[in-house]
K.L.:
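Quick one: this structure, given as structure tokens, is what I'll be asking you about.
Every heavy atom of this structure was used, including side-chain atoms; hydrogens, water molecules and symmetry mates were not. Quick note on labels: first sequence line is chain A, next is B, and so on, each numbered from 1. Note that the structure is a prediction, hence the values are computed from the model and not measured.
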Number of protein chains: 2
Amino acid sequence: MTAGTAARRSDATRAAILAAARRRFAADGYERATIRAIAADADIDPAMVMRYYGSKERLFAAAAEFDLRLPDPAQLSRSGYGRALVRHFLERWEEDGTFVALLRAAVTNDAARDQMRDVFAGQIIPLVAAAAPADRRVAHRAGLVASQMIGLAMTRYVLALPPIARMSRDDVVAWIAPVLQRYLTRPAPPSTADS
Amino acid sequence: MTAGTAARRSDATRAAILAAARRRFAADGYERATIRAIAADADIDPAMVMRYYGSKERLFAAAAEFDLRLPDPAQLSRSGYGRALVRHFLERWEEDGTFVALLRAAVTNDAARDQMRDVFAGQIIPLVAAAAPADRRVAHRAGLVASQMIGLAMTRYVLALPPIARMSRDDVVAWIAPVLQRYLTRPAPPSTADS
DNA sequence: GCCGTTGGCCAACAACTGTTGGCAACAGTA
DNA sequence: TACTGTTGCCAACAGTTGTTGGCCAACGGC
């Protein structure tokens, strides 16, 4: 019972539910992804989902745990941050649907939106802090990076605007990398609220 | 009956429903904005909403009709496109909630997503075609502009990431304008699929 | 005065939602 | 063998949703 790492027969079911949940949340968003649909995908009774995850909210929390696994900036050349970042984002996003699920759900679900803010505060800001010059604009710069990357995810995966959705990875990198590089390293433009 | 422009007594109700619908769709997205809530906001019976707009889908279509009212590029200096565009987007978005409603709904509702694509194809692409050099990359450039602007709308209004949501309009313009300018006018970077 | 039209509300329907409790089949242990 | 805990399914609940039909009051032209 308290066997810690002992493999239970139900572990496979648990995992199947989680995988189905990720797929549904990514494809349909939080409200339209129903427990019944997730259960059907996993070939299991809806009651099982409740038994193993307690509620829809907690199932989502488990399905949307997301680590960007950002590279260590110390490993990168300062002039190559932009390229490396865009390429990493694309690969990480297309590896599984978790990020798109989180993004889609964050638009209508408060818990998902809070989790999105946590990803930003806990993963993007620290990276930018290490990569950007030590001015007082780290949070601004991180926000700008996030705005371009979230816009890319929206237009490429969610809205699927044809020119962006059809672009090759290399083209995306070639166009977007210089923008990230600019947000990360260019001196701040003149501002009405300079400190 | 066929009086065309004659003011009917019900016009005020119709308008109240539409205004409430826009507010609700913008705040809650398509599925969470219920007919009952919209009707309550408009101080009216839910059945009225159905009588005047037929169905929730058609109500949304009426509420989400959106014209960016983009400026005529012929009126702008070529070097000032970026600034003018960012400023225009911010003003237009904050003027009413229609665009945010459309964006929020487009994430989970197919009709809204299609309408978003129409706005892109019918309003963004033509503007970029007039402003950008006559290379074969007009659709690409327009998509990139859209990716940055949609990302800005997402991080500023929907996710409300603190650094972006709190930025002054002038700061947003100062940071984003050069990026749009680049997408519009810079020569295309080297590509794996050059024509 | 009358009467058709319009504007509005109420009550109800059928479908679907997350969620719950009870019951059967099975595994492992003694 | 009997016992105990796990794994699973079925049926049902209570609430909410979009949507509909019928009824009532107020208007406007005659």
K.L.:
Do the side-chain N or O atoms of A:Ser10 get closer than 4.0 angstrom to the phosphate oxygens (OP1, OP2) of D:dT6?
P.N.:
no
K.L.:
My understanding is that only residues two or more places apart in sequence, or in another chain, count here; which of them pass ring-ring contact (aromatic ring centres under 6.0 Å, His included) with A:Phe99?
P.N.:
A:Phe66, A:Trp93
K.L.:
Give the residues of residues 41-51 of chain B touching DNA chain D, defined as any heavy atom closer than 4.0 Å, sorted by residue number.
P.N.:
B:Ala47, B:Met50
K.L.:
What residues form a salt bridge (charged side-chain N to carboxylate O under 4.0 Å, His left out) with B:Asp110, not counting sequence neighbours?
P.N.:
none
K.L.:
Side-chain polar contacts of residues 158-165 of chain B - donor-acceptor pairs under 3.5 angstrom, sequence neighbours left out - could you list them?
P.N.:
none

K.L.:
Quick one: list whatever passes ring-ring contact (aromatic ring centres under 6.0 Å, His included) with A:Tyr183, sequence neighbours left out.
P.N.:
none
K.L.:
Kindly write out the residues that satisfy ring-ring contact (aromatic ring centres under 6.0 Å, His included) with A:Phe120, not counting sequence neighbours, or none if the list is empty.
P.N.:
none
K.L.:
For A:Tyr53, which residues count as a ring-ring contact (aromatic ring centres under 6.0 Å, His included) partner, sequence neighbours excluded?
P.N.:
none
K.L.:
Taking OH from A:Tyr52 and P from C:dT20, how many angstroms apart are they, rounded to a whole number?
P.N.:
16 Å
K.L.:
Say whether, by atom type as modelled, one donor and one acceptor occur between the side chain of A:His140 and the main chain of B:Met167 under 3.5 angstrom.
P.N.:
no
K.L.:
Given atom CZ of B:Arg32 and atom P of D:dT16, what is their separation to the nearest angstrom?
P.N.:
14 Å
K.L.:
Which residues, if any, of residues 14-31 of chain A bring a heavy atom under 4.0 Å of DNA chain D?
P.N.:
none
K.L.:
For B:Asp118, what residues pass the salt bridge (charged side-chain N to carboxylate O under 4.0 Å, His left out) criterion, not counting sequence neighbours?
P.N.:
none
K.L.:
A:Thr98: what forms a side chain to side chain donor-acceptor pair (under 3.5 Å) with it, not counting sequence neighbours?
P.N.:
A:Asp96
K.L.:
Counting only heavy atoms from other residues, nucleotides and ligands, does the tally under 6.0 Å from CZ of B:Arg169 exceed 12?
P.N.:
yes
K.L.:
Can you name the residues that form a salt bridge (charged side-chain N to carboxylate O under 4.0 Å, His left out) with A:Arg156, not counting sequence neighbours?
P.N.:
A:Glu94
K.L.:
Looking at residues 103-112 of chain B, who's got a heavy atom less than 4.0 Å off DNA chain D?
P.N.:
none
K.L.:
When the distance from OH of A:Tyr53 to P of D:dT7 is rounded to whole Å, what number comes out?
P.N.:
13 Å
K.L.:
Over how many whole Å does the gap from B:Arg36 atom CZ to D:dT16 atom C1' extend?
P.N.:
7 Å
K.L.:
Output the rounded distance in Å from NZ (A:Lys56) to C1' (C:dT17).
P.N.:
8 Å
K.L.:
Rounded to whole angstrom units, what separation is found between the CZ atom of A:Arg58 and the P atom of C:dG18?
P.N.:
15 Å
